[in-house]
Undergrad: 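Quick one: this structure, given as structure tokens, is what I'll be asking you about.
The structure presented is a predicted model; accordingly, all values stated were derived computationally and were not measured.
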Amino acid sequence: MSMYGRDPWGGPLEIHATDSATDDERSRNLQELDRAALDETQQSWLLGAGEQKKKKKKYVDLGCIIVSRKIFIWTLGTLAVSAVLAGLITLIVKTVPRHHHKPAPPDNYTLALHKALLFFNAQKSGKLPRHNNVSWRGNSCMDDGKKSEGTSSAIKDLIGGYYDAGDAIKFHFPKAFAMTMLSWSVIEYSAKYEAAGELAHVKELIKWGTDYFLKTFNHTADTINSIAAQVGSGDTSDGSTTPNDHYCWMRPEDIDYPRPVKECSSCSDLAAEMAAALAAASIVFKDNRAYSQKLVHGATTLYGFSRKQRGRYSQGNEASVFYNSTSYWDEFVWGGAWMYFATGNSSYLKLATTPGLAKHAGAFWGGPDYGVLSWDNKLTGAQVLLSRLRLFLSPGYPYEEILRTFHNQTGIIMCSYLPMFTSFNRTRGGLIQLNHGRPQPLQYVVNAAFLAALYSDYLDAADTPGWYCGPNFFSTDVLRDFAKTQIDYILGKNPRKMSYIVGFGNHYPKHVHHRGASVPKNKIKYNCKGGWKWRDTSKPNPHTIVGAMVAGPDKHDGFHDVRTNYNYTEPTLAGNAGLVAALVALSGDKSSGIDKNTLFSAVPPMFPTPPPPPAPWKP
């Protein structure tokens with residue numbers, strides 16, 4: 001009997017006994033399959049793939065550690081590939097030609113600087129240091145100041161220092177100016193000296209000069225009555241045949257005639273200039289505290305002496321023939337400025353900015369030599385120096401009015417150096433005639449070149465692009481170009497193609513008016529007149545006095561390389577000091593500029609420190 005039912009899809013639903021048995025078996029079979037699949041899945045989850053496949057890893061025993069063989073092989077392969085690559089790179093580097101980029105050669109100003117400093121080594125007097133680097137020089141004038149009659153008890157000896165020029169006289173007035181100029185250049189451009197490898201050298205030269213100046217008066221005293229002004233004599237105007245430093249022509253090492261010492265008790269110009277030299281040097285040696293303070297004390301004593309004992313050092317003596325001082329008012333301003341920077345004492349600044357001093361020094365009137373810095377007149381240098389104070393510190397009242405005047409006058413002086421103005425003539429070759437065609441022009445030219453380059457750097461450091469000459473504005477580059485053209489002329493860019501620095505270039509003076517360089521060092525001692533044959537010979541000097549800047553050409557660019565004509569061929573300390581200052585200012589990279597802060601290292605804040613804020617209010 002069959003059973004019928006309705007199929008939900010529309011057909012009859014029939015159920016047979018045989019079909020039912022078949023379905024039960026199928027169901028059991030499916031349950032068994034599902035259980036087997038589940039067991040296999042659980043095993044794979046619990047045991048992992050490695051356990052299933054029953055594969056065993058292989059290892060390498062390195063003794064201290066055991067690592068996988070696979071990792072070991074990969075490591076060895078990597079090292080081998082790296083070694084091959086390194087070998088290939090090394091081979092390429094060694095076989096490919098290399099191009100070395102050499103540093104740029106030093107510029108002409110740096111090359112000339114090395115030589116110009118050596119001139120001071122050649123001018124040293126006394127017991128020379130072991131490494132003086134001038135083979136034809138030796139110890140000389142070892143009795144200076146010892147046997148001189150009439151010298152004060154404060155002077156023990158005057159051994160050392162520098163000879164002034166081609167003779168063996170020590171003129172302290174131009175020598176002090178030379179040391180001040182060297183110190184000023186170091187204060188402003190110590191980084192450039194360092195870059196040129198000359199900082200230690202120039203500082204040693206300055207110290208050689210300042211050590212000597214400390215011997216010329218009682219530097220331990222607070223007050224003095226006299227100072228030594230000169231060692232040696234050169235006056236031959238009366239036709240005297242008495243041996244002295246101009247009548248005789250001898251190597252300094254062979255001098256055997258008396259060398260008198262001249263002292264002065266009324267010499268404001270000399271004392272103030274020596275004070276400036278010691279004050280400026282005290283800033284150079286500020287890291288040597290004991291020596292710096294020694295110089296400051298000596299400078300203070302000298303400047304006080306200059307103010308109390310009024311008079312010109314050259315009045316009524318032979319110095320008026322060689323280095324005549326026309327006034328001491330400019331030294332009061334110049335020395336007062338340096339004393340302020342060395343001590344920070346505002347009384348010196350008040351003195352240096354006193355309108356009466358400036359008036360007496362000629363600050364408010366022109367004249368043919370206005371704007372010309374020299375061993376005689378330092379007003380222009382003082383104006384530039386005090387303009388620096390206004391540019392960077394701006395001290396304000398009560399100094400502002402006179403400082404503004406000095407600043408304006410400095411701008412006018414810089415204008416006068418430019419070729420578009422007619423304050424000074426120029427030779428056809430382009431050399432400015434600051435001494436109006438008179439002999440020995442180069443010493444004035446190098447000072448102007450230094451001031452122009454320095455003032456240009458002042459303006460750059462103050463973020464000032466230039467200055468006005470009347471309605472016309474000029475950039476700082478114009479000043480630097482002026483300085484370069486003048487120094488380039490001296491280095492050989494002139495109508496004669498002549499370098500006026502001995503030893504620089506291929507064409508330079510060979511008959512320099514210089515006793516030590518013109519008399520041979522041949523173990524023969526030539527007496528006073530015995531050296532005349534070397535003075536008068538037409539042969540070149542047996543020794544090259546490297547770095548000496550000769551007096552220079554005439555107003556027509558002419559030059560006579562004749563030993564007996566000192567107006568052409570004699571070098572001087574003051575001239576070479578200005579040359580060194582100008583060369584270092586122009587050397588190297590312009591971007592290095594000046595050292596703004598060292599000059600002000602002893603200067604206190606311009607304004608009083610504000611009081612501390614009040615304590616917080618408490619109820």
Undergrad: Do Leu302 and Ile224 come within less than 4.5 Å of each other through their side chains, counting heavy atoms only?
TA: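 Answer yes - side chains close enough.
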Undergrad: For the ring pair Tyr212 and Tyr162, is the centre-to-centre distance below 6.0 Å?
TA: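 Ring centroids of Tyr212 and Tyr162 are no less than 6.0 Å from each other.
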Undergrad: How close do Gly547 and Asn576 get, heavy atom to heavy atom, and via which atoms?
TA: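 Heavy atoms only, the tightest pair is O-ND2, 2.9 Å.
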Undergrad: Hey, does Asn345 have a side-chain heavy atom less than 4.5 Å from the side chain of Tyr340?
TA: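 A side-chain contact is absent here, since even the closest heavy-atom pair is not under 4.5 Å.
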Undergrad: Is there a donor in the side chain of Ser374 and an acceptor in the side chain of Asp376, or the other way round, less than 3.5 Å apart?
TA: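 There is no such pair between these side chains.
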Undergrad: Between Glu188 and Arg388, does any side-chain N to carboxylate O distance fall below 4.0 Å?
TA: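 Counted as a salt bridge, because a side-chain N and a carboxylate O are separated by less than 4.0 Å.
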Undergrad: Measure across Asp557 and Tyr500 and return the closest heavy-atom pair with its distance rounded to 0.1 Å.
TA: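 Asp557 and Tyr500 have their closest heavy atoms at O-OH, 4.4 Å.
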Undergrad: Nearest 0.5 Å, what's the OG1-NZ distance between Thr572 and Lys175?
TA: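 Rounded to the nearest 0.5 Å, the OG1-NZ separation comes to 13.0 Å.
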Undergrad: Does Ser325 use its side chain to pair, donor to acceptor, with the backbone of Ser327 at less than 3.5 Å?
TA: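 It does hold such a pair.
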Undergrad: Measuring from Leu386:CG to Leu403:CG, what's the distance to the nearest 0.5 Å?
TA: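 Spacing of CG (Leu386) from CG (Leu403) equals 6.0 Å.
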Undergrad: Does Tyr489 offer a backbone N or O that forms a donor-acceptor pair with the side chain of Asn494 under 3.5 Å?
TA: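 Yes.
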Undergrad: Please check: side-chain N/O of Thr210 versus main-chain N/O of Ala277, any donor-acceptor pairing under 3.5 Å?
TA: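 Answer holds: no.
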Undergrad: How about Val372 and Phe424: do any of their side-chain heavy atoms sit closer than 4.5 Å?
TA: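 Result yes, sub-4.5 Å side-chain heavy-atom pair found.
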Undergrad: Strictly by modelled atom types, are Thr220 and Asn218 linked by a side-chain donor-acceptor pair under 3.5 Å?
TA: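 Indeed, the side chains of Thr220 and Asn218 share at least one donor-acceptor pair under 3.5 Å.
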Undergrad: Calculate, to the nearest 0.5 Å, the distance between atoms OG and CD belonging to Ser423 and Gln433 respectively.
TA: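 Going from the OG atom of Ser423 to the CD atom of Gln433 covers 14.0 Å.
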Undergrad: Which heavy atom of Arg259 sits nearest to which heavy atom of Asp144, and what is that distance?
TA: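 What the structure gives for the nearest pair is NE-OD1, 2.8 Å.
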Undergrad: Students often mix this up, so state it plainly: with edges at 30° and 60°, are the rings of Phe474 and Trp467 parallel, tilted or perpendicular?
TA: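 The rings of Phe474 and Trp467 sit tilted, inter-plane angle from 30° to 60°.
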Undergrad: Is a salt bridge present between Arg515 and Asp245, judged by a nitrogen-to-oxygen distance below 4.0 Å?
TA: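 The answer is no: the pair does not qualify as a salt bridge.
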Undergrad: Using a 4.5 Å cut-off on heavy atoms from C-beta on, say whether the side chain of Tyr247 contacts that of Thr242.
TA: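 Not in contact.
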Undergrad: Please confirm whether Arg307 makes a cation-pi placement over Phe332, using NZ or CZ under 6.0 Å from the six-membered ring centre and within 45° of the ring normal.
TA: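 Because its charged atom sits under 6.0 Å from the ring centre and within 45° of the axis, Arg307 does stack over Phe332.
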Undergrad: Got a second to check how far Leu385's CG is from Lys378's NZ, nearest 0.5 Å?
TA: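 Going from the CG atom of Leu385 to the NZ atom of Lys378 covers 14.0 Å.
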Undergrad: Under 3.5 Å, side chain of Ser320 to main-chain N/O of Asn317, donor-acceptor pair present?
TA: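 Indeed, once roles are kept as given, a pair shorter than 3.5 Å links the two residues.
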Undergrad: Can Phe285 and Ile206 be said to form a side-chain contact (heavy atoms from CB on, under 4.5 Å), step by step?
TA: CA-CA 10 Å; Phe285 295 104; Ile206 294 169; 3.9 Å; yes
Undergrad: Between Lys484 and Asp488, does at least one N-O distance fall below 4.0 Å, as a salt bridge requires?
TA: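 Asp488 and Lys484: not salt-bridged.
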Undergrad: What are the two closest non-hydrogen atoms of Leu205 and Met179, and how far apart are they?
TA: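 Closest approach of Leu205 to Met179, heavy atoms only: O-SD, 4.0 Å.
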Undergrad: Could you check, using the six-membered ring where one of them is a Trp, whether Trp334 and Trp375 have ring centers closer than 6.0 angstrom?
TA: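 So the answer is no for these two rings.
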Undergrad: Is a side-chain donor or acceptor of His219 paired with a backbone partner of Gly298 at a separation under 3.5 angstrom?
TA: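 Not at all, since once roles are kept as given, no pair shorter than 3.5 Å links the two residues.
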Undergrad: Centroid separation under 6.0 Å, is that true for the rings of Trp184 and Phe450?
TA: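 Yes: the rings meet the under 6.0 Å criterion.
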Undergrad: Quick check: does any side chain N or O of His513 sit under 3.5 Å from a backbone N or O of Asn565, one acting as donor and the other as acceptor?
TA: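 Pair absent, no side-chain N/O of His513 close to backbone of Asn565.
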Undergrad: Salt bridge check, Asp157 against Lys215: does any charged N sit closer than 4.0 Å to a carboxylate O?
TA: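 Here Lys215 pairs with Asp157 in a salt bridge, since their nearest N and O are under 4.0 Å apart.
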Undergrad: When you check the side-chain N and O atoms of Tyr291 and Asp211, is any donor under 3.5 Å from an acceptor?
TA: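 On atom types as modelled, these side chains qualify, holding a pair under 3.5 Å.
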Undergrad: Tell me if a side-chain donor or acceptor on Tyr417 pairs with a main-chain N or O of Gly371 at a distance below 3.5 Å.
TA: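 Present.
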Undergrad: Looking at Leu118, Val550, Val512, Asn121, which hits side-chain contact (heavy atoms from CB on, under 4.5 Å) with Ile545?
TA: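 Exactly one pass, corresponding to Val512.
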Undergrad: List the steps and the verdict of side chain to side chain donor-acceptor pair (under 3.5 Å) for Thr476 and Asp460.
TA: CA-CA 7 Å; Thr476 56; Asp460 286 340; 3.0 Å; yes
Undergrad: side-chain contact (heavy atoms from CB on, under 4.5 Å) between Leu586 and Ile487: does it pass, once the steps are laid out?
TA: CA-CA 9 Å; Leu586 294 174; Ile487 298 302; 3.8 Å; yes
Undergrad: Going by atom types only, do Gln440 and Asn567 share a side-chain donor-acceptor pair under 3.5 Å?
TA: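 Yes, side-chain donor-acceptor contact under 3.5 Å.
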Undergrad: Would you confirm whether Thr301, through its side chain, and His297, through its main-chain N or O, come within 3.5 Å as a donor-acceptor pair?
TA: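 Yes: the side chain of Thr301 pairs with the backbone of His297.
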Undergrad: Could you go step by step and tell me if Tyr189 and Ser587 meet the side chain to side chain donor-acceptor pair (under 3.5 Å) rule?
TA: CA-CA 10 Å; Tyr189 295 111; Ser587 69; over 6 Å; no
Undergrad: Examine His360 together with Tyr328 and report whether their ring centres are nearer than 6.0 Å.
TA: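 That pair fails the under 6.0 Å test.
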Undergrad: If the threshold is 4.0 Å, N to carboxylate O, is there a salt bridge linking Asp269 and Arg312?
TA: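 Not counted as a salt bridge, because no side-chain N and carboxylate O are separated by less than 4.0 Å.
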Undergrad: Does Phe322 reach the side chain of Ser314, with side-chain heavy atoms less than 4.5 Å apart?
TA: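 Answer no - side chains too far apart.
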Undergrad: Please check this pair: side chain of Gln230 against backbone of Ile169, looking for a donor-acceptor N/O pair closer than 3.5 Å.
TA: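 Not confirmed, Gln230 side chain does not pair with Ile169 backbone.
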Undergrad: Counting only heavy atoms not in Asn225, do more than 12 fall under 6.0 Å of its CG?
TA: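 Incorrect, the count does not exceed 12.
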Undergrad: State, without any angle test, whether Glu273 and Thr180 hold a side-chain donor-acceptor pair at a distance under 3.5 Å.
TA: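 Present: a donor and an acceptor within the cut-off.
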Undergrad: So if I apply the ring-ring contact (aromatic ring centres under 6.0 Å, His included) rule between Tyr313 and each of Tyr323, Phe171, Phe173, which one comes out positive?
TA: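 It is Phe173, the one option of Tyr323, Phe171, Phe173 that forms the ring-ring contact (aromatic ring centres under 6.0 Å, His included) with Tyr313.
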Undergrad: Relative to each other, are the rings of Phe341 and Phe600 parallel, tilted or perpendicular (30° and 60° limits)?
TA: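 The arrangement is tilted - the two ring planes meet at 30° to 60°.
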Undergrad: Please step through side chain to side chain donor-acceptor pair (under 3.5 Å) for the pair Asp167 and Tyr566, ending with a clear verdict.
TA: CA-CA 11 Å; Asp167 49 35; Tyr566 58 86; over 6 Å; no
Undergrad: Walk me through whether Leu349 and Met339 qualify under side-chain contact (heavy atoms from CB on, under 4.5 Å).
TA: CA-CA 8 Å; Leu349 181 59; Met339 289 301 300; over 6 Å; no
Undergrad: As an exercise, state the distance from OG1 of Thr410 to CG of Asn408, rounded to the nearest 0.5 Å.
TA: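 With rounding to 0.5 Å, OG1 (Thr410) is 8.5 Å from CG (Asn408).
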Undergrad: Which pair of heavy atoms, one from Glu570 and one from Ala165, lies closest together, and at what distance?
TA: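 Minimum heavy-atom contact is OE2-CB, 3.3 Å.
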Undergrad: Within the distance-only criterion (no hydrogens, no angle test), does the side chain of Glu318 pair as donor or acceptor with the backbone N or O of Gly234 below 3.5 angstrom?
TA: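 At least one qualifying donor-acceptor pair exists.
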Undergrad: Does the pair Asp164/Lys170 count as a salt bridge with the N-to-O cut at 4.0 Å?
TA: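 Result for this pair is no, no salt bridge flagged.
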Undergrad: Find the distance between OH (Tyr468) and SG (Cys415) and round it off to the nearest 0.5 Å.
TA: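 One gets 12.0 Å once the value is rounded to the nearest 0.5 Å.
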Undergrad: Apply side-chain contact (heavy atoms from CB on, under 4.5 Å) to residues Phe177 and Leu373 and explain how you reach the verdict.
TA: CA-CA 11 Å; Phe177 174 71; Leu373 175 63; 4.1 Å; yes
Undergrad: I need the minimum non-hydrogen distance between Ser387 and His407, along with the two atoms involved.
TA: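 The answer is OG-CA, 3.2 Å.
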Undergrad: How about Phe559 and Thr569: do any of their side-chain heavy atoms sit closer than 4.5 Å?
TA: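 In short, these two side chains touch, coming nearer than 4.5 Å.
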